[in-house]
Amino acid sequence: MSVVLEARNIVRDYHMPGGLFSKGKTVHAVKGVSFTVEKGKTLAIVGESGCGKSTLARILTLIDPATAGELFIQGKKVDIAKGDLTKDLRREVQIVFQNPYGSLNPRQKIGDVLGAPLVIHGNVPADERRERAMAMLKKVGLGEEHYNRYPHMFSGGQRQRIAIARALMLNPSLLVLDEPVSALDLSVQAQVLNLLADLQDEFNLTYVFISHDLSVVRYIADEVMVMYFGEAVEYGTRNEVFADPKHDYTKTLFAATPRADPESIKARLARKNAA
Amino acid sequence: MALLEIENLVVEFLTSTGMFRAVDGVSLKVEQREVLAIVGESGSGKSVSMLAVMGLLPWTAKVTADKMTFNGRDLLSLSDSERRKIVGKDIAMIFQEPVASLNPCYTVGFQIEEVLRFHLGLGRKERRARAIELLTAVGIPNPAERLSSFPHQMSGGQCQRVMIAMAIACNPKLLIADEPTTALDVTIQKQILDLLVKLQAEHGMGMIMITHNMGVVAETADRVVVQYKGRKMEEADVLTLFENPRSNYTKALLAALPDNATGDRLPTIADYFKDGSEIAGAAVS
């Protein structure tokens, strides 16, 4: 198995400059996180808001540089602060954001949304762009009739499909999914998760799946990393982490997740009647 | 006598293409001290039906019902000024986005005290004392200092606690929580749900929990109403709903939970309804 993504001791600090009366401050958003992801696998990153998961996502997607640490993509060391970022590298890694309402330009037709990556990365003629966009629309469960529509004409689930389609236009090897289903309804969430699983099989994609929903993580992940205040407090295969959580925070997280099985409802009702 | 009784509620919106029916003949009842959960996906009319109870819908909405009573009073024939005396006092509501539902220009203390002044006519000192008491009740540390904080200085979970404090300020008989935890983390969600259930038991309130999260339903509700496209699909007590769901829609909803995934694929609503027409006939009451 080839390793698609490897991170060694990734650190990211944000410096806040001081003002006239206040001293500058440094926020340690990510404090030395290491992991590897193999081709075709899914790594899930779990944690509460402010724990650094999205900062990490931006580093992995080569949007922001890491303050320290090494990042390897397809075995090649990448440091965008040193100007390693090439177009070829950029097409290897793509991202899908959390909010499908905010991540699409309202004045751009869907066809142009999907064609834009092809315009930027190489000279693809207009009719071929159109063809490939049409094909991708069908892959993600939309139709050719959607090509000329604007984002506001779509539901949240459809928009998320469009965002996924856009990310896949350049055949990336790694897809970073930053809470891709947390804004969606349960039934739509199921459809999008199925779509992601199908696409992974078809294109042999590697996912870094960021989420705070443990039931989704249990369903989709091969490996799980739990982050807490910028540190990876737990890292292992899905079964290891779910069967035997080691860190206190992971245990709290499991205890806080609402359970929807009849046994726990019975237990709750019994507690309530006793009180 | 039921606390809230709604029969055959219809809400229609005036749109450029004619009337759009958001809620289509929903009937429900909430007893005293009962937690009713209304479950459904977005567009199922669950929020709109409760906004109709509160009288918070815009003028483009047309609300009709055979019966809509709260504590024996007819809500349909109330004038606006009479309704304002009930809403916020006897019926209170908590909204989905805690940060957006507080006014960013006023301190949280001012916003809580406003409720007390308007509905209870308390004096300045009494208001302040009661506000501190309320913030303590919802578990905010240093309540006296926090009164002079602005919403942007607090976290999402704390803002939701402030919203809850405002809602319970006048000891309402009915608390409507519209997706109170959707915007929050699981650990915070747990705290807020525990707080709501505790307050509900302590004050003996009726509570309506609007949500699309089956886990939240399982953790809080006594009875559940499942809504889809403005219609009621099923009504059952919480255990029956999870053990023996009768309507196909509920079955589909439960099967779509990643927790219950058996095979490689999650079943979706579409797997249960090959063509959309079946869904209308699938309702059981």
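Of the inter-residue distances, the one linking I265(A) atom CD1 with D222(B) atom CG reads 11.5 Å to the nearest 0.5 angstrom. Note: H212(B) NE2 to L184(A) CG = 9.0 Å, rounded to the nearest 0.5 Å. Of the inter-residue distances, the one linking E41(B) atom CD with S155(A) atom OG reads 10.0 Å to the nearest 0.5 angstrom. Put simply, OG1 on T220(B) and NZ on K272(A) are 9.0 Å apart, with the number rounded to the nearest 0.5 Å.
Comparing T182(B), V197(B), D185(B) by how many heavy-atom pairs each has under 4.5 Å with chain A, the most go to D185(B). The candidate with the highest count of non-hydrogen atom pairs below 4.5 Å against chain A, out of I188(B), T187(B), L239(B), is L239(B).
Between L214(A) and V186(B), the closest side-chain pair of non-hydrogen atoms is not below 4.5 Å. Contact check for E243(B) versus K266(A): side-chain heavy atoms found under the 4.5 Å cut-off. You'll find the side chain of Q189(B) reaches within 4.5 Å of the side chain of P258(A), heavy atoms only. Looking only at side-chain heavy atoms (C-beta outward), R268(A) and V238(B) come within less than 4.5 Å of each other.
Within a 6.0 Å radius of CZ in F203(A), more than 12 heavy atoms belonging to other residues, nucleotides or ligands are found. Around NZ of K29(B), the count of heavy atoms belonging to other residues, nucleotides or ligands within 6.0 Å does not exceed 12. Atom CZ of R149(A) has more than 12 neighbouring heavy atoms from other residues, nucleotides or ligands inside a 6.0 Å radius. Dense packing is recorded around OH of Y14(A), with more than 12 heavy atoms of other residues, nucleotides or ligands lying under 6.0 Å away.
Looking at L186(A), the atoms closer than 4.5 Å to chain B (heavy atoms on both sides) sit in the backbone and in the side chain alike. Looking at D198(A), the atoms closer than 4.5 Å to chain B (heavy atoms on both sides) all sit in the side chain, from C-beta outward.
Closest of all the heavy-atom pairs between A260(A) and F242(B) is O-CD2, 3.5 Å.
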